[in-house]
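Structure, as C-alpha cells:
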There are 2 protein chains.
Amino acid sequence: MASEVQLVAGSAAWWASRKPAPEYRRGRPPMDAGRIVAKALELVDEVGIQALTLRMLADALGSGTATLYRHFKGKDELLALVADRFLGEVSVPPEELDGLSWREAVSTVAEALHGTLCRHPNALSLLAAQVPVGPNALRARERLITLFLSHGFPVELSARAFTAIGHYVIGFAIQQHGPGAPGPEDHAQLRDYYHSLDPADYPATIAAAGELTSVSLHDEFLFGLGLLLDGLERARSNALQEPEAAVGH
Amino acid sequence: MASEVQLVAGSAAWWASRKPAPEYRRGRPPMDAGRIVAKALELVDEVGIQALTLRMLADALGSGTATLYRHFKGKDELLALVADRFLGEVSVPPEELDGLSWREAVSTVAEALHGTLCRHPNALSLLAAQVPVGPNALRARERLITLFLSHGFPVELSARAFTAIGHYVIGFAIQQHGPGAPGPEDHAQLRDYYHSLDPADYPATIAAAGELTSVSLHDEFLFGLGLLLDGLERARSNALQEPEAAVGH
DNA sequence: ACCTGAACACCGTTCAAGT
DNA sequence: ACCTGAACACCGTTCAAGT
C-alpha cells in the first residue's frame, strides 16, 4: 500500500543499488558475504530451502545468527544472492559452440542451463520469484541473445526468443524437481493411479496413462524444447523473407 | 532415509488414499474440510502463501488451530487441497470449442488455464511442487488429452503435447507472478538497469533492452505458446504422414 | 569498529482437558 | 464423539552489551 519505492531483494533496482564490495578489509575478513552465500547454497542443496535455518547457517560458519544480519538485511536478501550464485554455475565453454547451427547452439546452452538447474533441485524455487538480474544471470542473458543476433535473428525476435527459451527451461525445471520428488517409483505409482480411475470418466487419461508416465521427464523437456525451436525456425524464416513484417501472427 | 512408503501430500498415492468424504455427519457439520479449504484459498489470495498462518485461518473460521488438525495432517496437506481447489476454477464451456481447429481449441484451453493462474498469483507456487493429480487437475488433463486425440494426434504425441503445454503454461505463470510482482513500473526500472550496464560487457542485452522490456509478459506468454503450437503442428503432420514413425527427432 | 548472547514475537504442532 | 486452550520447540529478527 505504501507508495514508497521498495527495494525488493533480487529486483533490478535492488541489484543496481548494491555496492561493488567495500574492499577496505585489512588482513583477512573474519566473515565475508561470499563465504556466507557459498555455505548457504551448500546447505540449501543438502536440506532444502524450507529447512534452511539462519541458526543452522550461523552454526555451520561458527558464528551466531545476529552476525548474518551485518551482511544481509534478512533471509530474503541472502536467498537472492544464493539464487544468482547458483546461476553462476552454468558454464558452456565458447569453443563448444563453434561450427554449430543456431539451433544446435541454442539447444546446447538450454541443456546446459537445464543441467545446472537439475543439479540444484532444492535451490530451484529461488528462480520463481522474479526475472533474475544478478551478475551471473546477466552474463547468461547476454550470451544467449548474442547467439540469436549473430545468427540473423532480428532484435525483436531475439528478445522474445530469449524470454521464451529462458522461461521454458526454468519453468520446466521447477515443476520437474518439486518437493514431491517424482522418482521412477512415483512414475509407476502415477500410472497405477491413472489406471485405477473410472474408465467412464477418464477414457483419454487411461488410454494415455502408459505414454504419460513411461517417458522420463528429461525426454519430455527435450521434446518441448524441440517444439519451441521448431517454432523459432519458422519465425526466423519468416523474418528473413519479410524483414519489415511484425513478429506476431 | 526411511525405506517406508511415505505419502507425500498431493502425490498420486496420497490422492488415491483419500476417503471420498465420510458423509455420516448428521445435521449440519460445524466445520467441514471444504469450508476450511475455501477460506484458506481466500486468505492465500489476500495475503500470500508465506503469510498465511494456521492461527489466522482458524481465527477467520471462528475456531482454534488445533481444530484444523482434525481435518488435515498439517499445513502441507491443507495446501495440497487448496492447490486442487484453485485448479478447479479453470472452466471452458464445451460449446466454446465447437467448430474450432485443434490449434484454436488448444490455444483457448491454454489461455483459460493461464487466465485462472493469473487470477490467483499468490497461490501459483503451490503448483510447482509436483504433477497435480487432484480431481480438478484430472478433469483438466482428461479434457486436453481428449482434444488432442479427437483431432488425430496419436496417443504418444497427445501425451507429450499435453505435458509440454501444461508445463509451459504453469511454468510461465509461476515466473510471471513471483513475489517480485513485476508491474509496469518495474519494466521501466529493468530497462533503465539494462541501459546502465557497461556497453563493452553487455552489447546484446543493451541492444535488446527495449524489446526485452516493452512487450507485456502476457504477449510473451502468447508468443511462446504459439511457438509450441507451431512445433506441434509440424509433429502432427509428420505423424499423420508416417504413422509408424517415432515421435522423437 | 565489529561481533554476538540473549531475548522477543510468532510460527507449526501436540495433547490433556473440556463439552 | 468432537472440539480447543494452553503449552512446546523453534523460527526470523533485534539490540544492548561485549571485545
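What you see below is based on every heavy atom in this structure, not just the backbone, and it leaves out hydrogens, waters and symmetry mates. Chain letters run A, B, ... following the sequence lines, proteins first, then strands; residues in each count from 1.
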Less than 4.5 Å apart, any side-chain heavy atom of [X] and any of [Y]?
{"X": "A:Y194", "Y": "A:Y202", "value": "no"}
{"X": "A:L225", "Y": "A:F172", "value": "no"}
{"X": "B:F86", "Y": "B:L117", "value": "yes"}
{"X": "B:R160", "Y": "A:E211", "value": "no"}

(message) Evaluate B:C118 against B:H114 for side chain to side chain contact (heavy atoms under 4.5 Å, CB included), listing each step before the verdict.
(response) CA-CA 6 Å; B:C118 290; B:H114 182 250; 3.5 Å; yes

Which nucleotide sits closest to the side chain of [X]: [options]?
{"X": "B:H71", "options": "C:dG5, D:dT13, D:dC3", "value": "D:dC3"}
{"X": "A:T65", "options": "C:dA6, D:dC3, D:dC15", "value": "C:dA6"}
{"X": "B:T67", "options": "C:dT13, D:dC3, D:dG12", "value": "D:dC3"}
{"X": "A:S63", "options": "C:dT13, C:dC15, C:dT4", "value": "C:dT4"}
{"X": "A:R70", "options": "C:dC3, D:dG12, D:dT4", "value": "C:dC3"}

Once you round it to whole Å, what is the distance between [atom2] of [N] and [atom1] of [X]?
{"X": "B:L61", "N": "D:dC2", "atom1": "CG", "atom2": "C1'", "value": "16 Å"}
{"X": "B:F72", "N": "C:dT13", "atom1": "CZ", "atom2": "P", "value": "13 Å"}
{"X": "A:D32", "N": "C:dC3", "atom1": "CG", "atom2": "P", "value": "10 Å"}
{"X": "B:Y69", "N": "D:dC8", "atom1": "OH", "atom2": "P", "value": "17 Å"}
{"X": "B:K75", "N": "C:dC10", "atom1": "NZ", "atom2": "P", "value": "16 Å"}
{"X": "B:D76", "N": "C:dG12", "atom1": "CG", "atom2": "P", "value": "11 Å"}

(message) Take N1-N3 plus N6-O4 or O6-N4 for Watson-Crick, N1-O2 plus O6-N3 for G-U, both under 3.5 Å. Which runs of 3 or more such pairs involve DNA chain C?
(response)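 Paired runs of 3+ in DNA chain C: C:4-8 with D:12-16, C:12-16 with D:4-8.
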
(request) Report the residues that fulfil ring-ring contact (aromatic ring centres under 6.0 Å, His included) with B:F72, sequence neighbours left out, ordered by chain and then residue number. (result) none

(request) Please collect all salt bridge (Lys or Arg N to Asp or Glu O under 4.0 Å) contacts where either partner lies in residues 57-75 of chain B, sequence neighbours excluded, each pair once. (result) none

(request) Check side-chain hydrogen bond (donor to acceptor under 3.5 Å, both in side chains) between B:E46 and all other residues, then give those that pass, not counting sequence neighbours. (result) none

(request) Report the residues that fulfil side-chain hydrogen bond (donor to acceptor under 3.5 Å, both in side chains) with A:Y193, sequence neighbours left out, ordered by chain and then residue number. (result)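 Scan of A:Y193 (side-chain hydrogen bond (donor to acceptor under 3.5 Å, both in side chains), adjacent residues dropped) gives none.
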
(request) List in numerical order all residues of residues 39-60 of chain B for which some heavy atom is under 4.0 Å away from an atom belonging to DNA chain C. (result) B:L52, B:T53, B:L54, B:R55

